[in-house]
Engineer: 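Please read through the structure below; I'll follow up with questions.
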Amino acid sequence: MAQPQPRPRGIDHVGMSVDDIDAATEFLRKAFDAKVCYDTQARDMPPRQGPETERQLGMPPGSRITRQRLVQIGTGPSIELFETSGADHGRAALLTDYGLNHLALYVDDIGASARRLAEAGAHMLSDVHGNSPHEQTPGNGSVYGRAPWGTLIELQTYPGGIDYPADSETARWTPPPVHADEDRQDASANRGLTGHDAQGDASRLVDQGGELVVPEIVQVDCGLSEEHAVQIIRTAQLLYTFWNTGRQSYLDKALSPSFRDNMLPPGRPQGPQGPRAGSSALRDAMPDLTLDLHAIYITGNVFTARVTYRGHFTGTYNGVQGRGQAVTFDALDVEQLGDDGKITQEWHVEDNLGFLQQAGLATIAQG
């Protein structure tokens with residue numbers, strides 16, 4: 001049997017050469033609240049140079065690294081800054097140059113963020129404009145500026161989410177919201193789900209953009225990487241946003257084509273069409289159906305969710321016309337995900353009797 005090929009976890013950091021590492025750090029602090037992780041080449045250390053260094057790092061002959069520093073902006077990959085000498089630095093890359101050509105940061109208030117970037121010393125190339133196709137959702141925006149040393153920096157926002165095409169293979173990574181109480185976190189905040197997440201609280205990883213359902217509580221196995229946790233939380237949000245809105249596009253992004261319901265209700269089709277049929281039946285009975293996602297508990301590739309559904313029986317159910325009765329019922333779901341981050345199997349229990357009683361469709365005989 002063939003051995004599986006090794007796969008990267010994700011992008012760890014990006015490198016960027018600057019003319020003055022201290023000035024660049026100060027610019028990133030003013031513009032983006034950047035924090036220094038550590039210096040790998042301090043001012044009082046001998047420069048990294050010589051034939052072996054040139055060979056290992058692909059540097060031109062006679063060049064040397066005089067300063068080297070790792071900084072962090074919010075969540076996501078770190079930025080490694082280099083200050084070098086002994087070589088022709090040339091100009092910073094343009095968008096038309098081959099290779100890496102710009103640094104993009106997700107922001108929540110793009111207007112205020114653009115003003116802050118300019119005040120820090122960047123040259124802004126234009127006013128805020130619309131994003132590219134699939135990103136042109138409500139509230140979206142983009143704007144580019146140049147750092148003092150020439151690097152092209154983009155600010156981007158798409159609070160309305162992404163309009164994924166039908167042939168999309170996976171969801172893109174979007175930095176989770178950064179809450180004010182996280183300012184107290186030190187370097188441990190970027191070492192996976194540790195430090196203040198020691199008990200598994202991963203609420204900071206939830207995407208609160210657009211109309212996505214936001215869970216009240218998120219608990220994650222502390223052995224899970226942050227990237228993996230973000231992917232599973234995102235899938236859970238897509239699933240329950242489908243149940244909250246009835247919009248099939250969310251379900252299509254959450255379920256694998258091979259999805260299987262292991263507790264299939266009588267009369268419901270197997271596969272991805274099953275939840276579609278279930279949602280349609282509920283909305284025929286309760287057109288105003290919504291839900292509360294109380295909690296998500298994640299272990300490995302499995303999450304368990306506690307949910308409460310609410311609505312009014314103003315439609316029809318099994319041929320019975322409702323009279324506007326208020327209905328509330330709970331559900332417990334267990335969802336297993338595949339390697340692509342989509343749900344492959346499901347186990348679920350709902351308070352169906354409670355639903356039928358409140359809707360006046362069932363009574364319990366008194367002994």
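If you're wondering where the values come from, they're calculated on a predicted model, not measured in any experiment.
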Engineer: Rounded to the nearest 0.5 Å, how far does CD1 of I65 lie from CD of Q41?
Structural biologist: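 Result: 7.0 Å between the selected atoms.
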
Engineer: Taking atom types as modelled, is there a side-chain donor on R268 or Q273 under 3.5 Å from an acceptor on the other?
Structural biologist: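 No, Q273 and R268 have no side-chain donor paired with an acceptor closer than 3.5 Å.
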
Engineer: Counting N and O atoms only, with roles assigned by atom type, does the side chain of T235 sit under 3.5 Å from a partner on the main chain of A254, one being a donor and the other an acceptor?
Structural biologist: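 Answer holds: no.
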
Engineer: What distance do F32 atom CZ and L103 atom CG have between them, rounded to the nearest 0.5 Å?
Structural biologist: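 Between atom CZ of F32 and atom CG of L103 there are 7.0 Å.
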
Engineer: Counting C-beta onward and ignoring hydrogens, is there a side-chain heavy-atom pair between S280 and D284 closer than 4.5 Å?
Structural biologist: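 With C-beta onward as the side chain, the pair touches.
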
Engineer: Are H348 and D261 close enough that a side-chain donor and a side-chain acceptor fall under 3.5 Å?
Structural biologist: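 A donor-acceptor contact under 3.5 Å links the two side chains.
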
Engineer: Could you report the tightest heavy-atom contact between P159 and G139, atom names first, then the distance?
Structural biologist: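 So the minimum-distance heavy-atom pair works out to CD-O, 3.4 Å.
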
Engineer: State, to 0.1 Å, how close V220 and L224 come at their nearest heavy-atom pair, and which atoms those are.
Structural biologist: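 Smallest heavy-atom distance, with atoms named: CG1-CD2, 3.7 Å.
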
Engineer: I'd like to know if the side chain of E135 pairs up with that of Q156 as donor and acceptor (distance under 3.5 Å, no hydrogens or angles considered).
Structural biologist: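 Looking only at side-chain atoms, Q156 and E135 do form a donor-acceptor pair, the distance falling under 3.5 Å.
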
Engineer: Would D288 and R310 satisfy salt bridge (charged side-chain N to carboxylate O under 4.0 Å, His left out), going step by step from the backbone distance to the final call?
Structural biologist: CA-CA 8 Å; D288 64 344; R310 307 178 189 278; over 6 Å; no

Engineer: Tell me, do T304 and D333 make a side-chain contact under 4.5 Å, heavy atoms counted?
Structural biologist: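 Sidechains of D333 and T304: no contact.
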
Engineer: Between Y158 and Y106, does the ring centre distance come in under 6.0 Å?
Structural biologist: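 Between Y106 and Y158, which both carry aromatic rings, the centre distance is below 6.0 Å.
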
Engineer: Considering only heavy atoms from C-beta outward, does the side chain of L332 approach that of V307 to under 4.5 Å?
Structural biologist: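 Sidechains of V307 and L332: no contact.
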
Engineer: M45 and T66: side-chain contact (heavy atoms from CB on, under 4.5 Å), yes or no, with the steps?
Structural biologist: CA-CA 8 Å; M45 296 170 63; T66 55; over 6 Å; no

Engineer: Please determine whether side chain to side chain donor-acceptor pair (under 3.5 Å) holds for the pair T241 and E211, giving the CA-CA distance in whole Å, both sets of side-chain angles, and the decisive distance to 0.1 Å.
Structural biologist: CA-CA 7 Å; T241 302; E211 64 179 358; over 6 Å; no

Engineer: When hydrophobic residues are tied together by side-chain contacts of less than 4.5 Å, even through go-betweens, does V107 share a cluster with V14?
Structural biologist: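 Linked, V107 and V14 end up in one cluster.
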
Engineer: Would you indicate whether the side-chain heavy atoms of I153 and Y144 approach each other to under 4.5 Å?
Structural biologist: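 No, too far: nothing below the 4.5 Å cut-off.
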
Engineer: Take atom CZ of R91 as the centre, draw a 6.0 Å sphere, and report whether it contains more than 12 heavy atoms from other residues, nucleotides or ligands.
Structural biologist: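 Enclosed: over 12 neighbouring heavy atoms sit under 6.0 Å from CZ of R91.
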
Engineer: Are R116 and D33 within salt-bridge range, i.e. N to O under 4.0 Å?
Structural biologist: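 Yes, charged N to carboxylate O under 4.0 Å.
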
Engineer: Please determine, by modelled atom types, if S63 and Q49 share a side-chain donor-acceptor pair under 3.5 angstrom.
Structural biologist: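 No.
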
Engineer: Any side-chain heavy-atom pair from L251 and S249 closer than 4.5 angstrom?
Structural biologist: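 Heavy-atom side-chain distance check fails, nothing below 4.5 Å.
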
Engineer: Will you find, in the side chains of E80 and Q68, an N or O donor that is under 3.5 Å from an N or O acceptor?
Structural biologist: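 Yes - a donor-acceptor pair under 3.5 Å links their side chains.
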
Engineer: Would you give the length of the straight line joining atom CE of M16 to atom CZ of F82, rounded to the nearest 0.5 angstrom?
Structural biologist: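 Taking CE in M16 and CZ in F82, the distance rounds to 11.0 Å.
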
Engineer: Do Q72 and I79 come within less than 4.5 Å of each other through their side chains, counting heavy atoms only?
Structural biologist: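 Of all side-chain heavy-atom pairs linking I79 with Q72, none is under 4.5 Å.
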
Engineer: For side-chain contact (heavy atoms from CB on, under 4.5 Å), just list the numbers for I296 and I217, CA-CA rounded to whole Å, side-chain angles, deciding distance to a tenth of an Å, and then say yes or no.
Structural biologist: CA-CA 6 Å; I296 301 173; I217 297 171; over 6 Å; no

Engineer: Distance-only, no hydrogens or angles: does the Q321 side chain make a donor-acceptor pair with backbone N or O of T316 under 3.5 Å?
Structural biologist: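 Looks like no, no N/O pair under 3.5 Å.
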
Engineer: Between the side chains of D163 and Q136, does any donor sit under 3.5 Å from an acceptor?
Structural biologist: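 The answer is no; no qualifying pair exists.
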
Engineer: Decide yes or no for Q345 and E335: does some side-chain heavy atom of the first lie under 4.5 Å from some side-chain heavy atom of the second?
Structural biologist: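 Q345 does not reach E335 side chain to side chain.
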
Engineer: Test of understanding: clusters of I, L, V, M, F, W, Y form through side-chain heavy atoms closer than 4.5 Å, transitively. Do V327 and L356 belong to the same one?
Structural biologist: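 Yes, V327 connects to L356 through the hydrophobic network.
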
Engineer: Looking only at non-hydrogen atoms, find the nearest pair between T314 and P287 and report the distance.
Structural biologist: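 Where T314 meets P287 most closely, the heavy atoms are OG1-CD, 3.3 Å.
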
Engineer: Indicate yes or no: at least one non-hydrogen side-chain atom of Y309 is less than 4.5 angstrom from one of F355.
Structural biologist: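 Result no, sub-4.5 Å side-chain heavy-atom pair not found.
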
Engineer: For the residue pair E226 and H228, confirm or rule out a side-chain donor-acceptor distance under 3.5 Å.
Structural biologist: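 There is no such pair (donor and acceptor under 3.5 Å, judged by atom type) between the side chains of E226 and H228.
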
Engineer: To the nearest 0.5 Å, what is the distance between OG on S279 and CG on L289?
Structural biologist: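 Answer for the OG-CG pair, S279 versus L289, is 7.0 Å.
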
Engineer: Is any side-chain N of the basic residue among R67 and D20 closer than 4.0 Å to the acidic one's carboxylate O?
Structural biologist: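 Salt bridge absent between R67 and D20.
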
Engineer: Go through the steps for L361 and F313 under the test side-chain contact (heavy atoms from CB on, under 4.5 Å), then give the verdict.
Structural biologist: CA-CA 11 Å; L361 300 171; F313 184 27; 4.2 Å; yes

Engineer: Is there a donor-acceptor pair closer than 3.5 Å between any side-chain N or O of H89 and the backbone N or O of T84?
Structural biologist: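 Answer holds: yes.
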
Engineer: Distance from T53 atom OG1 to R48 atom CZ, nearest 0.5 Å?
Structural biologist: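 Answer rounded to 0.5 Å: 6.0 Å.
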
Engineer: Could you give me the CA-CA distance, side-chain angles and deciding distance for C37 and V71, then say whether side-chain contact (heavy atoms from CB on, under 4.5 Å) is met?
Structural biologist: CA-CA 5 Å; C37 302; V71 300; 5.7 Å; no

Engineer: Between the side chains of T308 and D330, does any donor sit under 3.5 Å from an acceptor?
Structural biologist: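 Judged by distance alone, the side chains do pair up.
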
Engineer: Treating Ile, Leu, Val, Met, Phe, Trp and Tyr as nodes and any side-chain heavy-atom pair under 4.5 angstrom as an edge, say whether L238 and I233 lie in one connected cluster.
Structural biologist: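 Per the 4.5 Å side-chain linkage, L238 and I233 are co-clustered.
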
Engineer: What about Y250 and W243, are their ring centers closer than 6.0 Å?
Structural biologist: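 No, too far apart.
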
Engineer: Could you verify whether a donor N or O on one side chain and an acceptor N or O on the other, from R69 and T25, lie under 3.5 Å apart?
Structural biologist: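 Yes, because at least one side-chain N or O of R69 sits under 3.5 Å from a partner of the opposite role on T25.
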
Engineer: Restricting to non-hydrogen atoms, name the atom on T344 and the atom on S256 that form the minimum distance, rounded to 0.1 Å.
Structural biologist: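 Reported closest heavy-atom pair: CG2-CB, 4.0 Å.
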
Engineer: Which heavy atom of A229 sits nearest a heavy atom of L205, and at what distance?
Structural biologist: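 Closest approach of A229 to L205: CB-CD1, 3.8 Å.
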
Engineer: Taking the side chain from N131 and the backbone from T157, do they hold a donor-acceptor pair closer than 3.5 Å?
Structural biologist: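 Yes, because the side chain of N131 sits within donor-acceptor range (under 3.5 Å) of the backbone of T157.
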
Engineer: Identify the two heavy atoms, one from A305 and one from Y240, that lie closest to each other, and give their separation to 0.1 Å.
Structural biologist: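 Looking at all heavy atoms of both residues, the shortest contact is CB-OH, 3.3 Å.
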
Engineer: First locate atom NZ of K35, then atom CG of L70, and finally report the distance between them rounded to the nearest 0.5 Å.
Structural biologist: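 These two atoms lie 14.0 Å from each other.
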
Engineer: Identify whether W347 and I343 are in the same connected component of the hydrophobic contact network (ILVMFWY, side-chain heavy atoms under 4.5 Å).
Structural biologist: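 The answer is no; the residues belong to distinct hydrophobic clusters.
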
Engineer: For L125, does the CG atom sit with more than 12 other heavy atoms under 6.0 Å from it, leaving out its own atoms?
Structural biologist: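 Yes - once you tally the heavy atoms of other residues, nucleotides and ligands closer than 6.0 Å, there are more than 12.
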
Engineer: Within the side chain of Q237, is there an N or O that forms a donor-acceptor pair under 3.5 Å with the backbone of V213?
Structural biologist: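 Yes, Q237 side chain to V213 backbone: donor-acceptor pair under 3.5 Å.
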
Engineer: Is there a chain of hydrophobic side chains (I, L, V, M, F, W, Y, each step under 4.5 Å between heavy atoms) that links I232 to V214?
Structural biologist: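 In one cluster with I232: V214, yes.
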
